[in-house]
Trainee: 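This is the structure I have questions about; it appears just below.
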Amino acid sequence: MNLTHLEVHCARAVLLRLQSRGSITIKSSDPFDVPLIDPKYLNSTNDVALLVRGLKLLIKLANIEPMLTALKQDDNPLLDHNLGKLSDAELENEVRKRVETLYHPTSTCSMAPFEDNGVVDSSLKVYGLENFRVADASIFPRIVAGHATAPSLAVGEKASDLTKESLVLDTVLPSKVPL
């Protein structure tokens with residue numbers, strides 16, 4: 001089959017408020033030991049159900065005008081023209097088989113009270129460590145419903161302000177001043 005001149009359209013169902021939660025676990029006290037990372041994709045049955053609903057909507061949209069006449073409908077096995085013939089259970093299998101990340105991992109060391117499993121406080125300082133801040137998307141308690149760049153920049157700006165403030169305090173008041 002010649003794929004050189006194949007024109008395709010791609011549409012995806014994406015979860016922005018997923019319930020599945022992965023984990024990152026430190027294996028040892030050796031800082032060079034790679035941590036154990038388990039994204040636990042589709043750990044929540046609700047996430048799977050929402051993606052199946054999204055896939056069904058995409059199939060429906062592809063089979064009504066104007067997409068119906070714009071798309072060449074055939075039995076090419078490399079394309080997904082036959083997804084509409086699948087049962088919900090088969091669609092769930094397709095969702096599980098094809099799940100992938102959007103490469104914007106967040107929320108691995110959330111900013112929350114320590115007793116709520118938080119890792120950093122509102123000053124971006126890691127609980128139990130002195131003078132160590134985290135200033136990236138990992139502090140978000142939940143993934144944002146959009147691209148992570150803008151809120152990550154805001155966190156970086158806040159970290160910059162906090163760092164400058166602590167440097168000024170150290171210069172003016174050389175003794176230890178809790179922030």
Side-chain angles (χ1 to χ4, degrees), residues 8-26 34-68 70-71 79-81 83-84 86-129 132-165 179:
V8 296
H9 295 271
C10 179
R12 291 182 175 185
V14 176
L15 287 179
L16 293 178
R17 294 286 183 206
L18 53 126
Q19 293 179 351
S20 299
R21 301 282 290 180
S23 64
I24 297 178
T25 307
I26 297 172
V34 177
L36 299 170
I37 301 173
D38 182 0
K40 295 184 183 169
Y41 294 135
L42 302 181
N43 196 38
S44 162
T45 56
N46 187 61
D47 289 352
V48 177
L50 287 172
L51 285 172
V52 168
R53 283 181 58 197
L55 182 54
K56 289 170 82 170
L57 176 61
L58 292 172
I59 293 166
K60 188 178 202 177
L61 291 173
N63 287 293
I64 59 174
E65 294 301 336
M67 292 302 290
L68 183 62
L71 296 174
L79 303 176
D80 293 327
H81 295 155
L83 284 178
L86 300 181
S87 68
D88 282 3
E90 291 169 317
L91 288 175
E92 180 178 327
N93 286 337
E94 288 298 316
V95 163
R96 289 187 179 281
K97 192 166 57 176
R98 299 174 188 214
V99 70
E100 63 181 336
T101 179
L102 290 178
Y103 306 103
H104 294 96
T106 68
S107 313
T108 55
C109 58
S110 68
M111 179 172 48
F114 184 75
E115 52 276 1
D116 292 339
N117 294 319
V119 177
V120 300
D121 64 18
S122 60
S123 296
L124 309 178
K125 289 186 175 179
V126 176
Y127 293 114
L129 297 177
F132 189 85
R133 286 191 168 98
V134 176
D136 61 22
S138 63
I139 69 159
F140 303 151
R142 289 276 183 194
I143 190 168
V144 295
H147 204 283
T149 299
S152 296
L153 289 170
V155 169
E157 287 293 327
K158 180 65 175 176
S160 173
D161 291 345
L162 291 168
T163 303
K164 288 187 289 189
E165 180 182 309
L179 294 178

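Atom set for the values below is all heavy atoms of this structure, side chains included, hydrogens, waters and symmetry mates excluded.
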Trainee: Please name the pair of heavy atoms, one in Ala13 and one in Leu55, separated by the smallest distance, quoted to 0.1 Å.
Mentor: CB-N, 4.1 Å
Trainee: Run Asp161 and Lys158 through salt bridge (Lys or Arg N to Asp or Glu O under 4.0 Å) and show every step you take.
Mentor: CA-CA 5 Å; Asp161 291 345; Lys158 180 65 175 176; 6.0 Å; no
Trainee: For the residue pair Ser138 and Asp136, confirm or rule out a side-chain donor-acceptor distance under 3.5 Å.
Mentor: yes
Trainee: Could you tell me whether Phe114 atom CZ has more than 12 heavy atoms of other residues or ligands within 6.0 Å of it?
Mentor: no
Trainee: Minimum heavy-atom separation for Ile143 and Ser107, please, with both atom names.
Mentor: N-OG, 3.4 Å
Trainee: For Phe140 and Ser110, work out which heavy atoms get closest and say how close.
Mentor: O-CB, 4.0 Å
Trainee: Does the side-chain contact (heavy atoms from CB on, under 4.5 Å) test come out yes or no for Leu91 and Ile59, once each step is laid out?
Mentor: CA-CA 11 Å; Leu91 288 175; Ile59 293 166; 4.1 Å; yes
Trainee: Please report the C-alpha distance between Leu124 and Ile139 in whole Å, then the side-chain angles of each, then the deciding distance to 0.1 Å, and finally whether the side-chain contact (heavy atoms from CB on, under 4.5 Å) criterion is met.
Mentor: CA-CA 8 Å; Leu124 309 178; Ile139 69 159; 3.5 Å; yes
Trainee: Looking at Arg53, I want to see if its CZ is surrounded by more than 12 non-hydrogen atoms of other residues, nucleotides or ligands under 6.0 Å.
Mentor: no
Trainee: Between NZ of Lys40 and OG of Ser23, what distance do you get to the nearest 0.5 Å?
Mentor: 4.0 Å
Trainee: Of the non-hydrogen atoms in Arg142 and Leu18, which two are nearest, and what is the gap between them?
Mentor: NH1-O, 3.9 Å
Trainee: Is there a donor-acceptor pair under 3.5 Å between the side chain of Ser160 and the backbone N or O of Gly156?
Mentor: no
Trainee: For Ser152 and Ala137, which heavy atoms make the closest approach, and how far apart are they?
Mentor: OG-CB, 3.5 Å
Trainee: Show your working on side-chain contact (heavy atoms from CB on, under 4.5 Å) between Leu83 and Leu58 and close with a plain yes or no.
Mentor: CA-CA 10 Å; Leu83 284 178; Leu58 292 172; over 6 Å; no
Trainee: Measuring from Leu86:CG to Asp80:CG, what's the distance to the nearest 0.5 Å?
Mentor: 9.0 Å
Trainee: Looking only at heavy atoms, which two atoms of Met67 and Leu61 are closest? And how far apart?
Mentor: CB-O, 3.4 Å
Trainee: Just wondering, are more than 12 heavy atoms of other shown residues or ligands nearer than 6.0 Å to CD1 in Ile26?
Mentor: no
Trainee: To the nearest 0.5 Å, tell me how far Arg17 CZ sits from Asp47 CG.
Mentor: 12.5 Å
Trainee: Is any side-chain heavy atom of Leu50 closer than 4.5 Å to one of Gln19?
Mentor: no
Trainee: Evaluate the side-chain contact (heavy atoms from CB on, under 4.5 Å) criterion for residues Thr101 and Tyr41: first the C-alpha distance (whole Å), next the side-chain angles of each, then the deciding distance (0.1 Å), finally the verdict.
Mentor: CA-CA 9 Å; Thr101 179; Tyr41 294 135; 3.3 Å; yes
Trainee: Any donor-acceptor pair under 3.5 Å linking the side chain of Ser123 with the backbone of Lys125?
Mentor: no
Trainee: Calculate, to the nearest 0.5 Å, the distance between atoms CG and CZ belonging to Leu51 and Arg98 respectively.
Mentor: 12.5 Å
Trainee: If you count every heavy atom of other residues, nucleotides or ligands that lies below 6.0 Å from Arg12 atom CZ, does the total exceed 12?
Mentor: no
